[in-house]
Amino acid sequence: MTHWFHRNPLKATAPVSFNFYGVASTQAASKICSDLRSTRARLLELFTDVTCNHEMMKNATDAYFSLLLGFINSLDGGTQDNKLRYIQNFKWTDTLQGTAPSAQQDAVYELASMGFNVALWYTKYASRLAGKEDITEDEAKEVHRSLKVAAGIFKHLKESHIPKLITPVEKGRDLETRVIDAYTVQCQAEAQEVTIARAIELKHNPGLIAALAYETANYYQKVDHALSSLDPIYIGKWRSYTQLKMCFYMAYSYCYHGQTLLSTDKCGEAIRSLQESEKFYGKAEALCKDYGQTKGPGTTAKPSGHLFFRKLGALVRNTLEKCQRENGFIVTLNSKNAAG
């Protein structure tokens, strides 16, 4: 099954020279500065290189961060700040709030910002693979793994690096808790979408699919809650996505729950479940239009025309019709028995 995921733009950054005249006074120190320049430039290039894969990104990230950590970690293993930590200024834009950069003279800020972009790259890589018409099982596994890696990076930045920043994060910016939480949970939700698609493909128990879909809808509700207190100018489009996905997976959940009820001859309850599914699908359809019309950062798309959306609509209609036929048959049979 193909997937469609909303994606915000990557962060942009100003070039960094790492020219520390008078400080990097030895050949070895100059070599480190040169390597910092080249590994940073290489990592930035890969963010927009469509041929970049998981392994290439990991190698480039490790190469740059292993050097950058030399400006952060204490050289003697103590608790004192490394004196090199505050020697270089770094500028980064925001994924939501446009091209006006924020700047901090702090290597931890660089680590957190670049790490954030690495996590975003993994989400975009997953989205690119997941959007293919005939995604293979191995590609689906790669999508799932990439989203899990991205979620882990966001979580690690929030817990281990962002709290160490000297300058507090501005409200609504990328490194702020609400935004980081939204990205983290969205990755978890999208990874579970891949699991659901695989379960449907393998014709797993409808009760299991219904439970997974319900849990996925709850994930998207959490993302929406994390975003709800942010400025709607910047997150309106993103929230349309989270809300439509929440309704979409509630529709899935009720649809497959209806199939479970139908298999136990509970036709009346199955019909009610499918009617709920229809309601949520209708809400998702309306939110698809909102998404397409809402201005703001993020993907330009018409999700209602996407295969993943059209498939669910057909499934809900067909399952409801089947439930109604079965129910009509049972009612007719009971009437004949009563008459006999």
Side-chain angles (χ1 to χ4, degrees), residues 1-6 130 140 185 188-225 239-292 302-340:
M1 180 190 286
T2 58
H3 300 270
W4 168 73
F5 301 136
H6 168 92
V185 180
Q188 294 169 332
E190 290 172 349
Q192 190 139 298
E193 287 191 56
V194 179
T195 302
I196 291 170
R198 185 71 179 145
I200 292 169
E201 190 181 328
L202 295 174
K203 295 180 169 42
H204 282 176
N205 185 295
L208 171 65
I209 296 169
L212 286 170
Y214 183 74
E215 189 178 33
T216 304
N218 284 337
Y219 275 138
Y220 278 112
Q221 191 170 31
K222 286 179 183 176
V223 179
D224 190 59
H225 179 72
R239 286 195 71 191
S240 289
Y241 169 77
T242 62
Q243 290 166 9
L244 81 83
K245 279 292 184 84
M246 180 182 69
C247 290
F248 181 82
Y249 279 99
M250 284 301 292
Y252 248 126
S253 181
Y254 275 112
C255 182
Y256 278 92
H257 181 56
Q259 290 185 23
T260 303
L261 292 168
L262 185 63
S263 68
T264 56
D265 294 329
K266 295 177 180 176
C267 293
E269 290 178 47
I271 288 170
R272 286 192 290 275
S273 189
L274 266 296
Q275 286 169 340
E276 283 299 309
S277 181
E278 264 194 330
K279 285 179 190 175
F280 276 107
Y281 184 78
K283 288 178 182 176
E285 206 164 25
L287 285 162
C288 282
K289 291 176 184 175
D290 286 348
Y291 179 86
K302 291 183 178 178
S304 58
H306 199 284
L307 183 61
F308 89 96
F309 195 84
R310 298 200 310 271
K311 272 188 173 180
L312 175 59
L315 179 65
V316 172
R317 285 191 299 274
N318 294 340
T319 309
L320 179 56
E321 286 170 8
K322 183 180 179 182
C323 289
Q324 289 168 335
R325 281 197 307 271
E326 292 281 337
N327 192 53
F329 176 74
I330 290 169
V331 169
T332 303
L333 191 63
N334 286 343
S335 297
K336 284 182 178 178
N337 288 340

Those residues that, when tested against T242, pass side-chain hydrogen bond (donor to acceptor under 3.5 Å, both in side chains) (two or more places apart):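 Scan of T242 (side-chain hydrogen bond (donor to acceptor under 3.5 Å, both in side chains), adjacent residues dropped) gives D224.
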Interatomic distance, [X] atom [atom1] to [Y] atom [atom2] [nearest 0.5 angstrom]:
{"X": "M250", "Y": "K245", "atom1": "CE", "atom2": "NZ", "result": "16.0 Å"}
{"X": "I271", "Y": "S273", "atom1": "CD1", "atom2": "OG", "result": "11.0 Å"}
{"X": "E276", "Y": "C255", "atom1": "CD", "atom2": "SG", "result": "13.0 Å"}
{"X": "H225", "Y": "M246", "atom1": "NE2", "atom2": "CE", "result": "12.5 Å"}
{"X": "Y281", "Y": "C288", "atom1": "OH", "atom2": "SG", "result": "7.5 Å"}

Is there a donor-acceptor contact under 3.5 Å from the side chain of Q192 to the main chain of L212?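 Answer holds: yes.
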Please check if the side chain of T264 supplies one atom and the backbone of L261 the other of a donor-acceptor pair under 3.5 Å.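 At least one qualifying donor-acceptor pair exists.
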Residues which pass ring-ring contact (aromatic ring centres under 6.0 Å, His included) with F280, listed by chain and number, not counting sequence neighbours: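 ring-ring contact (aromatic ring centres under 6.0 Å, His included) list for F280, sorted by chain: Y254.
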Do the non-hydrogen side-chain atoms of [X] and [Y] ever get within less than 4.5 Å of each other?
{"X": "Y252", "Y": "L315", "result": "yes"}
{"X": "R239", "Y": "Y291", "result": "no"}
{"X": "Y256", "Y": "I200", "result": "yes"}

Might you work through the side-chain hydrogen bond (donor to acceptor under 3.5 Å, both in side chains) test for Y249 and E193, ending with a clear yes or no? CA-CA 9 Å; Y249 279 99; E193 287 191 56; 2.7 Å; yes
Under the salt bridge (charged side-chain N to carboxylate O under 4.0 Å, His left out) test, residues paired with [X] that sit two or more places apart:
{"X": "K266", "value": "none"}
{"X": "R198", "value": "E137, E201"}
{"X": "E278", "value": "none"}

Side chain to side chain contact (heavy atoms under 4.5 Å, CB included) partners for N218, two or more places apart: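 Side chain to side chain contact (heavy atoms under 4.5 Å, CB included) list for N218, sorted by chain: Y214, Q221.
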